[in-house]
Peer 1: 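I have a structure here, written as structure tokens, and I will follow up with some questions on it.
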Amino acid sequence: MIPPHVSARQHLLTLSAAALLLGVPIVVGIGYLVGGAIGVSGDADGVSLGRVLRDGAVWRSALLSLWIAGAGTSLALTGALSIALLLGGASKIERFARTVVALPLPVPNVAAAVAVLLLLSQSGWLSRVAAQLHLIATPGEFPALVLDPWAIGVIATVVWKELPFLALVAVSLQSLRGRALTDAARTLGASPSQALRTITLPLLLRGMAPSVIAVFVFVLGSLELPLVLAPSSPLALPLLIQERRQSLDATSHGEAYLIALLATGLAVFAALVHEALRRDEA
Amino acid sequence: MTPRLSMRALSVVALTLFASAPLAMLVVTSIARGWFYPSVVPSSVDGGAWAELFRDASHRTALLNSVVLAVSTALVGTALALPLGRAAALSTRGVRRSVALLAFTAVALPPVALGAGLQLSVLTLGLGGTVVGVFLAHLVPALGYLTLVFLGVFTRWDLRLEEAAATLGAGGLERWRHLMLPLLRRPITEALALGFLVSWAQVALTLLVGGGAVRTLPLDVLAMLQAGQDQRAAAGALALAIPALFVLGVSRVAAGNTPAVVA
Amino acid sequence: MFADVRRVFVFGAVCAAALVGGCSRAAPAAAAPDLAKLPWDSIVRRARGTTVIWRMWRGDPSVNAFVDRWVAPRVLAEYGVTLQAVSGQGSELVDQLTVETQSGAKVGTASLLWINGETFGALRSRQLLAGPWSGVLPAGALVDSASPIISRDFEQDPGGFESPYGTVQMALIHDSARTPQPPRTVDELTHWIRTHPGRFTYDQSFTGITFLKGVMYAQNGGVGTFAGGYDSTTYIAARTRLFAWLDSLKPYLWRKGTQYPADVAAMHRLFANREIDFSLSYNQNEAVTKALQGVLPATSRALVLRDGTLANAHFLGIPANAPNAAGAMIVANFLLSPAAQLEKQRPTVWADGTVLDLARLPAEWRERFDSIVNDPRLVSADTLRRYARPEVSPRYHERLTDDWRRMIR
């Protein structure tokens with residue numbers, strides 16, 4: 001509650017400012033999207049929700065984006081948990097490993113995408129090494145990891161970028177509570193695998209849930225990763241929105257706003273889940 | 001060496017390779033001219049791409065825009081988010097959760113969708129294609145992230161210290177200067193770094209709200225890549241990555257090198 | 001409630017803007033068609049001390065360098081006009097101007113646009129272009145107005161709403177070391193693709209669609225069949241043949257035709273790294289300029305198909321909401337000057353074709369132009385001229401783009 005030395009008026013003022021600063025851009029932004037979709041603001045003809053929902057291209061794009069975000073986040077989560085469990089200690093080598101793995105954390109998406117393109121494409125560095133070793137004769141024999149239907153290149157970039165963040169969360173959770181509780185379980189007679197299965201993992205997963213959702217929506221909305229690395233068919237959702245927006249056809253224009261609105265709905269849903277899972281201490 | 005230890009050493013080596021290979025790839029490509037398949041090692045090395053990055057006036061403008069945007073987003077975002085997070089944390093559970101929900105929504109909205117909406121509002125304000133307009137757009141997700149940071153900090157905050165200081169007669173300003181700010185040093189440093197990075201990496205919002213007229217380094221890197229200029233794109237990507245690594249490193253050192261729990 | 005909240009937000013943002021300083025734009029200056037009635041001297045006078053924002057394709061460092069380091073300092077020195085090139089092309093321009101207009105702001109950002117074909121058509125039909133104005137440019141007298149490629153833009157009459165400044169021709173790029181005997185016709189190319197599985201593709205952007213258009217014209221008796229405005233029946237019949245051809249080739253394309261490179265740059269990257277054996281370019285000289293940049297192998301050469309390859313001109317337009325139409329005209333006029341046209345055409349600079357009629361130039365300028373077109377690595381001017389075909393109604397391009405995305409991709 002508000003402590004006595006903070007004036008109630010000042011407190012209320014700050015709170016209203018918070019609501020305004022955070023809420024207004026969101027409301028205005030979504031408002032314009034709605035306007036664009038129904039053709040109030042913008043040149044777009046009103047488009048029917050039905051037509052967009054019946055458009056197979058929209059669904060394929062949504063599925064691809066969900067696949068990228070889902071697979072990328074799951075792999076990054078698995079890596080992060082392994083690091084917390086295997087390299088979460090205080091020894092020199094473990095601390096070194098954790099510092100090294102944190103390296104990609106601040107690297108902007110664009111930079112990461114460029115690096116992965118140069119490394120993983122069919123004529124990238126790995127393919128060249130394979131050619132030198134006579135494992136392949138032409139670039140086409142190297143597996144398609146970039147501009148590929150399974151978006152492996154994008155997923156690899158997501159893992160590279162997001163594993164450090166999730167590892168950071170996992171390690172700190174583990175050192176805060178996890179280890180003590182695991183030790184307690186062991187003292188009470190649980191086998192190592194029992195303790196891992198029933199105490200450590202559930203605890204970590206529960207604590208990491210909000211961060212995992214944050215990573216998931218961040219990847220889902222990213223424009224630059226699929227722009228550089230993802231397949232041309234289907235297009236990732238942000239790319240589909242851009243393509244429809246820039247079409248010379250006014251109907252497509254309205255569709256773009258409507259698809260953007262659907263993507264927004266997905267994000268708001270994620271925010272609700274995030275809020276429900278977030279530990280609200282105090 | 002026990003098998004367990006060597007396994008661990010091996011996994012550390014693998015992790016090191018995994019984390020650093022893409023960066024190493026950028027370093028080599030940025031100084032390799034005409035480096036084509038199937039050569040594994042570049043045949044000729046030159047610093048042309050790096051020289052171009054700093055010599056070319058439009059790249060310099062982009063770099064300047066990026067720095068100005070990132071620094072102002074970090075400063076303004078932190079200055080706003082700190083009191084907002086605090087006020088929300090001191091409120092009822094319902095208010096606290098609503099603010100957290102709003103803040104996370106600002107973070108979660110796909111930039112392509114948010115940008116399309118903000119583009120029109122920023123144009124209505126007469127700020128389309130200006131750095132100020134792009135700054136306002138960058139502020140939206142940054143404020144979301146940073147509010148979540150300070151909400152977390154102040155939810156765990158011990159009010160008794162402030163109250164004691166107030167009882168001893170310290171005014172509001174004195175309390176902030178001598179008590180709060182020193183105690184908040186770590187979260188503030190982290191918030192500044194986070195605010196910087198959110199803006200520094202931004203592509204979609206800059207593209208839509210800036211309408212191509214506001215160049216930033218990430219947009220330049222994308223443009224170079226879409227021009228087939230891999231060498232320059234690699235140099236640009238490093239020019240993006242190095243300051244980001246530096247900012248994070250400095251913030252970690254300044255914050256006392258302890259891991260933080262964000263979000 | 002909502003309106004109040006919005007007003008507060010607007011107020012706050014405006015305050016912030018005022019704090020950061022001077023962001024509100026001046027009232028619109030004189031419109032282009034009004035200016036065009038004035039004597040040129042008066043336009044020059046009005047333009048002095050102003051800034052022109054030019055929205056253009058910024059995808060090639062050579063083009064950027066020409067604009068930023070050669071044109072900009074000269075228009076500043078000669079006319080006191082500060083030229084600032086920013087990014088934006090094709091449908092992005094239409095999107096940007098549409099949104100600017102919708103927002104209710106009277107004045108936009110850019111004063112000059114790089115446009116042609118369907119972009120010109122789309123801007124014109126949405127009344128987003130200013131004009132007529134190009135008739136007032138003194139350097140316009142030197143333009144090769146007899147050339148069908150320059151006097152018409154995808155069969156549209158520029159009508160003074162745009163001014164030409166360069167010409168290009170569609171070409172395939174091959175590596176003379178890797179493919180010394182390249183196919184020279186659509187039929188030979190078809191055979192080549194079938195005998196070299198996985199080594200050919202086209203991109204999904206403007207250039208790739210233009211390549212497909214070229215094939216479509218070749219399959220249907222040449223571009224003449226499509227001349228004289230868009231005809232739906234002609235198009236559907238031609239599209240059916242083209243898509244049947246694509247279907248038959250699909251298994252032999254790169255990635256078996258399931259994926260397509262995003263743009264020409266992606267094509268160049270695949271080609272330079274031997275993933276495919278042909279790249280595309282809507283500038284026949286790019287094989288040489290890109291080799292000089294180290295983006296393509298030194299042995300890269302351009303190739304024009306004997307069935308005819310499309311050629312077009314690019315133009316400059318002034319948006320209806322341009323903040324500085326006078327300055328834009330100064331830049332458009334400067335770009336038509338023999339000095340600028342010559343510099344632009346050098347293979348080491350941009351290798352962009354001139355729009356001037358060399359016969360109208362003084363002898364010394366003619367010689368300078370002649371001396372640069374004779375680079376042995378370039379496709380000869382005679383060959384280019386012989387196989388050049390003009391573009392037809394942009395509607396064909398739009399339809400083909402949409403249908404390709406829906407039915408082939």
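So you know, we letter chains A, B, ... as the sequences are listed, proteins then strands, and number each from 1. Remember, it's a predicted structure, so these values are computed and weren't measured experimentally.
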Peer 1: Distance from A:Q246 atom CD to C:T98 atom OG1, nearest 0.5 Å?
Peer 2: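 So the CD of A:Q246 and the OG1 of C:T98 are separated by 11.0 Å.
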Peer 1: Please say whether more than 12 non-hydrogen atoms of neighbouring residues, nucleotides or ligands are located less than 6.0 Å from CH2 in C:W404.
Peer 2: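 Yes, CH2 of C:W404 has more than 12 neighbouring heavy atoms, counting only those of other groups under 6.0 Å.
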Peer 1: Would you give the length of the straight line joining atom CG of A:D55 to atom CZ of C:R406, rounded to the nearest 0.5 angstrom?
Peer 2: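 So the gap between those two atoms works out to 10.0 Å.
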Peer 1: For a quick test of reading the model, state the closest non-hydrogen atom pair linking A:S233 to C:T258 and the distance between them.
Peer 2: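 For A:S233 versus C:T258, the nearest heavy atoms are CB-O, 3.9 Å.
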Peer 1: Is the backbone of A:D148 close enough, under 3.5 Å, to the side chain of C:Q259 for a donor and an acceptor to pair up by distance?
Peer 2: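 No, because the side chain of C:Q259 does not come within donor-acceptor range (under 3.5 Å) of the backbone of A:D148.
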Peer 1: Kindly compute the distance separating CZ (C:R409) from OG (A:S232), expressed to the nearest 0.5 Å.
Peer 2: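 If I round to the nearest 0.5 Å, the distance is 6.5 Å.
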Peer 1: For A:L227, which atoms come within 4.5 Å of any heavy atom of chain C: side chain, backbone, both, or neither?
Peer 2: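 For A:L227, neither part sits under 4.5 Å from chain C.
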Peer 1: If you tally heavy-atom pairs under 4.5 Å against chain C, which of A:L147, A:L21, A:T138 wins?
Peer 2: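 Of the options given, most contacts go to A:L147.
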Peer 1: Under a 4.0 Å threshold between the charged nitrogen and the carboxylate oxygen, would C:E275 count as salt-bridged to A:R128?
Peer 2: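 Not counted as a salt bridge, because no side-chain N and carboxylate O are separated by less than 4.0 Å.
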Peer 1: Where on A:V146 is there a heavy atom nearer than 4.5 Å to chain C: the side chain, the backbone, both, or neither?
Peer 2: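 A:V146 touches chain C through backbone heavy atoms alone.
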Peer 1: Looking only at side chains, do A:Q122 and C:R255 share a donor and an acceptor under 3.5 Å apart?
Peer 2: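 Yes.
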Peer 1: Contact part of C:E118 toward chain A, heavy-atom cut-off under 4.5 Å: side chain, backbone, both or neither?
Peer 2: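 The answer is both parts of C:E118.
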Peer 1: For C:A262, which atoms come within 4.5 Å of any heavy atom of chain A: side chain, backbone, both, or neither?
Peer 2: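 Interface part for C:A262: neither.
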Peer 1: Is it the backbone or the side chain of A:P149 that comes under 4.5 Å from a heavy atom of chain C, or both, or neither?
Peer 2: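 The answer is both parts of A:P149.
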Peer 1: To the nearest 0.5 Å, what is the distance between CG on C:D402 and OG on A:S247?
Peer 2: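 Reported value, rounded in 0.5 Å steps: 5.5 Å.
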Peer 1: What's the spacing between C:N273 CG and A:S121 OG if we round to 0.5 Å?
Peer 2: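 Reported to 0.5 Å precision, the distance equals 6.5 Å.
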Peer 1: At a 4.5 Å cut-off on heavy atoms, which part of A:A57 comes close to chain C: side chain, backbone, both, or neither?
Peer 2: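 Contact with chain C involves no heavy atom of A:A57 at all.
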